[in-house]
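Whatever order the structure lists ligands and atoms in, that order sets their numbers, starting from 1. These values consider heavy atoms only, across backbone and side chains, with no hydrogens, waters or symmetry-generated copies. For reference, positions follow the sequence shown, starting with 1.
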Amino acid sequence: MIQLPGLIDPHVHLRDPGQTDKEDFYTGTSAALAGGYTTVVDMPNNVEPVMTEVVLAKKKLIAQEKTACDIGFYFGSLGDNLEEFPKIRQSVLGLKLYLNFTTGGFIIDEPALQRIFSAWNEVTSGSKPILLHAEEDVMEAVIKAIGNTRQPTHICHVSSKDELSQIIKAKEDGLPITCGVCPHHLFLTEADVPRLGGFGLMKPSLKAKNDQEYLWNNMRYVDVIESDHAPHTYEEKQYAAPPFGVPGLETTLPLMLTAVEDKRITLDEVIAKCHDNPKKILHLADQKDTYIEVDPIEYEIRNELLFTKCKWSPFNGMKVRGKVVKTVIRGRTVFEHGVVKAGPGSGEVI
Ligand code: DOR
Ligand code: ZN
């Protein structure tokens, strides 16, 4: 049995409130516990986007009643809510901005990006990160904004050689930039899309083999492995134009431990990218007496055994090594041998 710290997923979409047919705070955090996560951080692109103090407070109240693990939140902005920043800065872990089209369509342009960066940096004195959905075409503008403000910035779900090479250069230039990669970009490529159909569609999209190899070969520059857990229903994923996103809370750790077995990454690197670095980037407090136990056996990922409400995974049928058998938060066993023991509301809202 391997013992690891309770993992931190800094990038999930639990769909609550507004789209609880896809997921809710209890099913999503149950999936987290089953996947070895004891803290998750939820994105603001709800149906009613989290862009005011009132909407944020409402969301946190709902989470309080339902969460089974610890949960934090990000705020959102289109550049027209800067007066909200001083009111919410203590109540969120960071600010999330979208520079490319994705679920919700909360996209901003470059002038808005510069304005938001300055306002957030001033209000928080650089103490809380801005997280970006920023793909290849906008990376130059992003690097300019970081250079102008020195605002700590995390680039989410880096998927291509073009993106990561620009981030590496920015790191070497001393900019306060970190980045995350998702397991689906490490274990799937565009060649899997014909087989997966809608279940292989997400933003950023699956890339070419050489992009994937570049990510693996430059893992030392990747700060975080983030799931981008983005559940949509099985039915929606079969539409002609399915919504973007795949669930990932229950498959990320087993996939990464399989990569450890295959000597593509070390166990220490997995701990750094799934615990130490997200903790540092988001300035999270210690969770005392919190750990997980993993059995290094081989098993098959199966849709019907998942706790996520959407009950599917793009990795269905894949053999992986490393099964979470026990999750403990603050001395309390919250998941054991396939059973979630934590009730709704037993986790902490950060
Ligand atoms: O595939 C994605 N799904 N990418 C995103 O950026 C958003 C997410 C969602 O909310 O479904
Ligand atoms: Zn996301």
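Those atoms of ligand 1 that come under 4.0 Å of a heavy atom in Ala230, given as number and element, are 3 (N), 8 (C), 9 (C), 11 (O). The Met202 neighbourhood of ligand 1 comprises atoms 1 (O), with distances under 4.0 Å to a heavy atom of that residue. Taking a cut-off of under 4.0 Å to the non-hydrogen atoms of His133, the atoms of ligand 1 that pass are 6 (O).
With a 4.5 Å cut-off between side-chain heavy atoms of Ile, Leu, Val, Met, Phe, Trp and Tyr, the cluster of Tyr291 takes in Val328.
Classification of Asp289 and Arg332 as a salt-bridged pair fails, no side-chain N sitting under 4.0 Å from a carboxylate O. Checked for salt-bridge contact, Arg115 and Asp80 miss the test: no charged N lies under 4.0 Å from a carboxylate O.
In this structure, atom 1 (O) of ligand 1 lies nearest to the protein heavy atom Lys203 N, 2.8 Å. Scanning the protein for heavy atoms near atom 5 (C) of ligand 1, the closest one is Thr102 OG1, 2.9 Å. Among all protein heavy atoms, the one lying closest to atom 11 (O) of ligand 1 is Arg15 NH2, 2.6 Å.
Side-chain contact check for Gln287 and Thr38: at least one donor-acceptor pair (N or O, by modelled atom type) lies under 3.5 Å. Checking Asn121 against Thr149 by side-chain atom types alone, no donor-acceptor pair falls below 3.5 Å. Using a 3.5 Å distance cut-off with no hydrogens or angles, the side chains of Asn46 and His13 do not pair a donor with an acceptor.
If you check each of Asn100, Asn45, Asn46, Leu201 against atom 10 (O) of ligand 1, the one with the closest non-hydrogen atom is Asn45.
Excluding waters, the protein N/O/S atoms found under 2.8 Å from the Zn ion (ligand 2) are His11 NE2, His13 NE2, Asp228 OD1.
The residue Val246 has no part lying near ligand 1, judged by heavy-atom distances below 4.0 Å. Looking at His232 against ligand 1, only its side chain comes within 4.0 Å, counting heavy atoms.
Any N or O atom pair closer than 3.5 Å counts here, and Gly245 shares at least one such pair with ligand 1. The shortest N or O to N or O distance between Phe244 and ligand 1 is below 3.5 Å.
Aromatic ring centroids of His157 and His11 lie under 6.0 Å apart.
Surrounding CD of Glu213 are more than 12 heavy atoms belonging to other residues, nucleotides or ligands, all under 6.0 Å away.
In this view, Phe187 and Trp216 satisfy the ring pair (Phe, Tyr, Trp, His ring centres under 6.0 Å) rule, not counting sequence neighbours. Take Phe106 and apply the ring pair (Phe, Tyr, Trp, His ring centres under 6.0 Å) test, not counting sequence neighbours, and it matches no residue.
The minimum heavy-atom distance between Glu163 and Glu136, with the atom names listed, is OE2-N, 3.3 Å.
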